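In what follows, a single structure is set out as structure tokens and then discussed.
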2 protein chains.
Amino acid sequence: MGKQTFSDIYHVLKDRILTGHYSVKMRLPIEDELITEFDSSRYAVRKAIAQLAKDGLVYSVKGRGVVLLEHTPQTQQFNLALNNLNGLQSLNAERHLDYQTEVVAFQQRIVDQPLSTHTAFEVGIPVYAIQRVRIVDGIRAVLDINYFNAQRTPTLTKTIAQHSIYQHFKKNGLKIAVVKRMLRVESANELDKAQLALGDNNCIGNMISIAFNDEGRQVEYTESHFIPNEFNFNELIRN
Amino acid sequence: MGKQTFSDIYHVLKDRILTGHYSVKMRLPIEDELITEFDSSRYAVRKAIAQLAKDGLVYSVKGRGVVLLEHTPQTQQFNLALNNLNGLQSLNAERHLDYQTEVVAFQQRIVDQPLSTHTAFEVGIPVYAIQRVRIVDGIRAVLDINYFNAQRTPTLTKTIAQHSIYQHFKKNGLKIAVVKRMLRVESANELDKAQLALGDNNCIGNMISIAFNDEGRQVEYTESHFIPNEFNFNELIRN
DNA sequence: GAGTGGTCTAGACCACGGT
DNA sequence: CCGTGGTCTAGACCACTCC
């Protein structure tokens, strides 16, 4: 088999698990067997297993072995982790026929005290303040309220805001390293009611994101207000 | 300093970061320095750093070093990860003066086809079907709808449901290994409206959980319907 | 007591960042 | 080019599970 990186091992094992290769015993082979099979070190095997555990496919028990988790079509749905950095745009990405962005507001401003406590940006720094509505298949589904640190982000224009800001960042060498997110359910405010296709609903989901560049500096504070019944968020919790 | 486990190193570094010890350079010392300081191996040091990264405190850049993420009181709030296995009970746990559970429904039933597609349990197995309202400081805040695989869970009674089911599981040797969760915002149904203190709101948050024991078997399907404006969920996404 | 994963050490080489 | 984190190897001992 020759030398394999942990990534190769991971993909082979993942494929086998998903095709039912191990479903009789509901166990992975023990580490030593995998080491022999892939002619690799224990480090690589263990790293591959750790990756499978992060996917919610297996669970390791000391002294017993690596157990496969049951996966039905329903539970597998939970594995489509929405762990991407690109905001709501990519949620349910495959399904959309149509996708439009309407820029509701675009301005530069200086952070004052109220905005500072709200966004965690320091008082006095210049930010882009942008509001955009995401129209999915003709439905006004998401209201994005962005604040970008103007000193740490490439120059933004309304035209760029109409397309993909993240793509623009990437092209101009800004790397988003980490995003901290908070999810809430909130009563809709006047702006939400005016801009979103809420129908009879009077609440929104609010996904608050704080993004950091690869120097550890906060570059973004964003609230994404989205309509009910259309969006899912997945999470995996391990003991 | 003697020998340190990765956990000791982790806690020392975490403490230093939070008290501003490294805030001038916004960098951690390089791995070799930490190895020397803690008189440990690279493995332990790297594992400690990996843990800090999981907490959203640092970010490693190949060729550059380990960068500290900015943390303000606001962004630190995002670090209180609600990654616990005990359901909604522990959300905002410290703040509560008062906490009560009202068992709305408690029955045993056999999974039929509709329930199977809903809960991912196989048709024909016996389950406990339980509905409970969580009353926090006098407010009917959460409606829990549980289905437990009766073959894989210790015997349940209404009295136990009135207290902590998870504590009962723990006492009886049932280990919850992994929980897959899905979060949604939904229009409230009649049951929600009847049982929860929704006020003027007509939507709920729905936290769907599928729990697995340490043999990889699904033991639980739960929907927790919660009122708007009261609950937060945190998430960390790394590149 | 045998089997298995968890932790740890001591080394090596590679890939990327900055000079 | 040097410094740094990422990957990997080969081994050791410990903690837990199960017979």
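In what follows, chains carry the letters A, B, and so on, assigned in the order in which the sequence lines appear, proteins first and then strands, with residues in each chain numbered from 1. Predicted, not measured: the structure shown is a model, and the values here were computed from it. Values reported hereafter were calculated over all heavy atoms of this structure, with side chains retained and with hydrogens, waters and symmetry mates removed.
The distance from the CG atom of Leu183(A) to the CE atom of Met207(A) is 7.0 Å, given to the nearest 0.5 Å.
Under the side-chain contact (heavy atoms from CB on, under 4.5 Å) test applied with Val45(B), the options Leu28(B), Ile30(B), Ile35(B) reduce to a single match, Ile35(B). Each of Tyr221(A), Phe121(A), Phe169(A) was scored for a ring-ring contact (aromatic ring centres under 6.0 Å, His included) with Phe148(A), with one residue passing: Phe169(A).
Between dG5(C), dT9(C), dG6(D), one nucleotide has an atom nearer to the side chain of Ser60(A) than all others, and that is dG5(C). The side chain of Val66(A) approaches dG5(C) more closely than any other nucleotide in the set dC8(C), dG5(C), dG17(C). When each of dT17(D), dT4(D), dC8(D) is scored by its nearest atom to the side-chain atoms of Tyr43(A), the top-ranked nucleotide is dC8(D). Ranking dC8(D), dG5(D), dC16(D) by closeness to the Lys62(A) side chain, first place goes to dC16(D).
Contact between the side-chain N/O atoms of Lys47(B) and the OP1/OP2 oxygens of dT7(C) is found at a separation under 4.0 Å. The shortest distance between the side-chain N/O atoms of Arg64(A) and the OP1/OP2 oxygens of dC16(D) is not below 4.0 Å. The shortest distance between the side-chain N/O atoms of Ser41(A) and the OP1/OP2 oxygens of dC8(D) is not below 4.0 Å.
The separation between Glu215(B) atom CD and dG5(C) atom P is 15 Å, rounded to whole Å. Counting to the nearest Å, the C1' atom of dT4(C) and the CZ atom of Arg46(A) are 10 Å from each other. Protein atom CG of Asp32(A) is 9 Å distant from nucleotide atom C1' of dT4(C), rounded to whole Å. As rounded to whole Å, 14 Å separates atom P of dG5(C) from atom OH of Tyr59(A). For the pair Arg238(A) CZ and dG6(C) P, the computed distance is 11 Å after rounding to whole Å. A straight line from CD1 of Ile35(B) to P of dT4(D) spans 12 Å, rounded to a whole angstrom. Atoms CD1 (Ile30(A)) and P (dC18(D)) sit 15 Å apart, rounded to a whole Å. Across the protein-nucleic acid pair, Leu68(B) atom CG and dG5(D) atom C1' stand 16 Å apart, rounded to whole Å.
Counting distance only, with no hydrogens placed and no angle test, the side-chain atoms of Arg42(B) and the base atoms of dT7(D) include a donor-acceptor pair under 3.5 Å.
Look at Glu33(A) and Arg27(A) and you find no salt bridge, because none of the NZ, NE, NH1 or NH2 atoms lies under 4.0 Å from a carboxylate O. Under 4.0 Å is where a charged nitrogen must lie from a carboxylate oxygen, and between Glu70(B) and Arg152(A) at least one such pair does.
When the nearest nucleotides of DNA chain D are assigned to Gly63(A) and Val45(A) by heavy-atom distance, the more 5′-ward of the two goes with Val45(A).
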